[in-house]
2 protein chains.
Amino acid sequence: MPRVKCPKCGKVETILKSGFVRGVQRYYCKECIYHFTLIKKGRYRSSSFDNKRQTTIIDIAKAVGVSASTVSRALKNHEDIGSRTKALVKQAAIELDYQPNLLAQSLNRRETHVIGVVVPDIENPFFASVLSGIQHTASASGYKVMIYQSNESHKTEAANIQTIMNNWIDGLLICHSKETQTFEHLKLQMKKGIPIVHFDRICEETATSKVLLDNVTGAKQIVTHLLNEGCRRIAVIAGPKHLYITKKRIEGYESAFKNANIELNERWIAYTDFTKSSIHDAIDNWLMEEIKPEAIFCISDNSAILTMMYLKHLKLKIPEDICVAGFGNDYTGRIIEPALTTYDPHAFKVGETATKLFFDQVILGDKFEIKTVTIAGELIVRSSSLKRSYNPSDEEA
Amino acid sequence: MPRVKCPKCGKVETILKSGFVRGVQRYYCKECIYHFTLIKKGRYRSSSFDNKRQTTIIDIAKAVGVSASTVSRALKNHEDIGSRTKALVKQAAIELDYQPNLLAQSLNRRETHVIGVVVPDIENPFFASVLSGIQHTASASGYKVMIYQSNESHKTEAANIQTIMNNWIDGLLICHSKETQTFEHLKLQMKKGIPIVHFDRICEETATSKVLLDNVTGAKQIVTHLLNEGCRRIAVIAGPKHLYITKKRIEGYESAFKNANIELNERWIAYTDFTKSSIHDAIDNWLMEEIKPEAIFCISDNSAILTMMYLKHLKLKIPEDICVAGFGNDYTGRIIEPALTTYDPHAFKVGETATKLFFDQVILGDKFEIKTVTIAGELIVRSSSLKRSYNPSDEEA
DNA sequence: TTTTATATCTTAAACGTTTGCGATATTATT
DNA sequence: AATAATATCGCAAACGTTTAAGATATAAAA
């Protein structure tokens, strides 16, 4: 056995072994009751982390010969710091290519400058536009955008919200999935006090700011337009009954009729699930009857496209035999023939507004009162509804 | 003057005033040379931060009666911790609704589990799909996705990269803007050793992994198909000459001709900037000549749509008078009449693959070797190119 | 000159985790 | 019974900033 000296008393004869810990022999001195090991391992973090190391405030401090706090203050022009020191610090910061560690900042300040966004599906053009609006607005104010998709699944949505909230975001912008009908998963997180803004498919049960499409007005404008074109029997391809947009757009539809003092028949409203087959079924049902619709108002552009394709398949002429209108102003509506009359909800602006509402809440803090903003869109009249004045050559090249 | 006692020696007569600092009177004791203030302000962080406070590892430690490090280890099943303690800690964690602070974790571990993504434009369906693929794949592995748009601007792209890199992301997935022709802004950041993966519009100068569309094969397949349909004079609506996709798709175009042993005329290649007017100009030029093209291969679906609309405007019949094909398989290609022959680049898979390449690099570390993956797409033949067998009723309903 | 102000820095704690290594009580070996 | 090994914990430093409050040198005032 090697002669081991006690680091305290220096004696050798009092030393005993004391087992292994993580593979290294330990000793202890009977007299001092002092435990110790011989091998001194390397430092806290040895090698692999070093190359990732960025210049820190401390590096600057050393370079300039001041303390770290002085550097911190100098960089943000704190009045306590002398102009000479400020200049030196800033100079060094540039020379050393200093970039503040936002993580450390966030940890300290308890804010991340990250906005979490949950949308059902990024590939949906509407949401893509909203997202674009969010990203632009956020970026302009130095905020970052973290995205999640629920894939129209309630379960995924709940999971997303859970993880997103654990990431110390400063705010959450959300559009619920079609499936979502209960909102406990959201209410649970609201206790943390993080600003939440709903858009499009909102939740009416929570005290959150909301950004809405002008569903009622939009639908009303479209239907009024159809009425003006002379259509009286206007059918509706609606979505699932529980959906917010379904309710609202139907409301606009009814409002238009009421406004025009025209009777409305429940028979003309078909609640579908937006699938091709459910839409075809609805159309088949209407066409089987004696009295057929003169126009079909589809609650979404996508279903309008499906409707038009099916009608064309049935050799019906649009708009001569039947008019069609959609809602959303997807790019496709411009492409299909005849071009689709629709309502542009100004999706980009929806995202923009949602982000701004979030900013308001951040700035005003407790003084902020939640509000609901409705984004005015615009009616886009194209050939698919121009029964009276249809002229194929109107189509733009 | 109030009688102030020295906190050290307790004397009163030795106390002198010593100015104000941040509004509070300071004193000092002549004897002790000790400076002090009377008012003791509140703690480090007083009120407003408290409500945002989450349960920490320290709270659990107190509740269970162990140290913070034991809690940390217990929660990740470290072998050093006894099973009884583990159970107690986990129980307390649940009861106190503990959520680890990912910021603190990231700061300590020097990894954020965040992937930064820079795309030219989220509203572009192709990028939306790629983004969707990235988000899905990242989420599945517990990574978060932070998005930026360059808006096809080199300047914005550079700024994005700069800020994104300061955010301690674990990796960067990027598709360059159309404008981008120099890559110094990227190379500068590469020194930090953060994995970068290029997709679609890649950078050939950097040692980064890349995910490519099968531009050459795709274009070749399309053109070969057109040749098979009997077209010989196949014109091309290309993009700007410096663009990677322009080069590659032209390469495929030429390859198809070479393969078929057919002479190719430079006259049939038009470099546009994808705008409506530049496309119209190109078409006008071709149609003015004696010998007109039998087919037009557009390098993107969007330009194909514009081409078709213009051709229809000119009363040319597609595909009888002239065939058209695109590239990209945008949704619109299914809607337009006749439906557009195109090439599906499998955008979602591009995003998925880029993310996986990033993961590979993270897992393998230094042992990882950069690679370039080409995603096989598929030719989508629709009516717009079926010169020989065109039957309008083929269109799907 | 003596006392008080001002200008400019520094110290140290705090944000919430992770982790190297030291410290004991307990159990197993001679 | 003495010594060695094992099983469990705790301490403290480190990640990079921010900031309340203390410490001086210098200038101003009395």
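Order of the sequence lines sets the chain letters (A, B, ...), proteins ahead of strands, with each chain counted from 1.
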Side-chain heavy atoms of A:Lys187 within contact of A:Thr206, under 4.5 Å: yes
Validation row: B:Trp168, B:Val114 side chains within 4.5 angstrom (heavy atoms): no
Minimum side-chain heavy-atom gap A:Ile115-A:Asp170 below 4.5 Å: no
Angle between terminal axes - the helix from C:dT1-D:dA30 to C:dT30-D:dA1, 5 pairs each end, rounded to 10°: 60°
Under 4.0 angstrom between A:Gln54 side-chain N/O and D:dG16 OP1 or OP2: no
Earlier contact from the 5' end, DNA chain D, for A:Pro100 and B:Arg84: B:Arg84
Distance below 4.0 Å between A:Ser67 side-chain N/O and C:dT10 OP1 or OP2: yes
Check: B:His176 ring centroid to B:His198 ring centroid under 6.0 Å: yes
Under 4.0 angstrom between A:Lys76 side-chain N/O and D:dT18 OP1 or OP2: yes
Below 4.0 Å: OP1/OP2 of D:dG22 and any side-chain N or O of B:Thr37: yes
Distance in angstrom units between A:Tyr98 OH and D:dG16 P, rounded: 10 Å
Straight-line distance of A:Leu103 CG to A:Asn101 CG, nearest 0.5 Å: 5.5 Å
Side-chain N or O of A:Ser72 closer than 4.0 Å to phosphate OP1/OP2 of D:dT18: yes
Short side-chain N/O contact to D:dG10 OP1/OP2 from B:Arg73, under 4.0 Å: no
Taking every non-hydrogen atom, the tightest pair across B:Gly19 and B:Gln25: O-OE1, 3.1 Å
B:Thr85 vs D:dC9: side-chain N/O to OP1/OP2 distance below 4.0 Å: yes
Contact nearer the 5' end of DNA chain D, comparing A:Ile58 with B:Thr70: B:Thr70
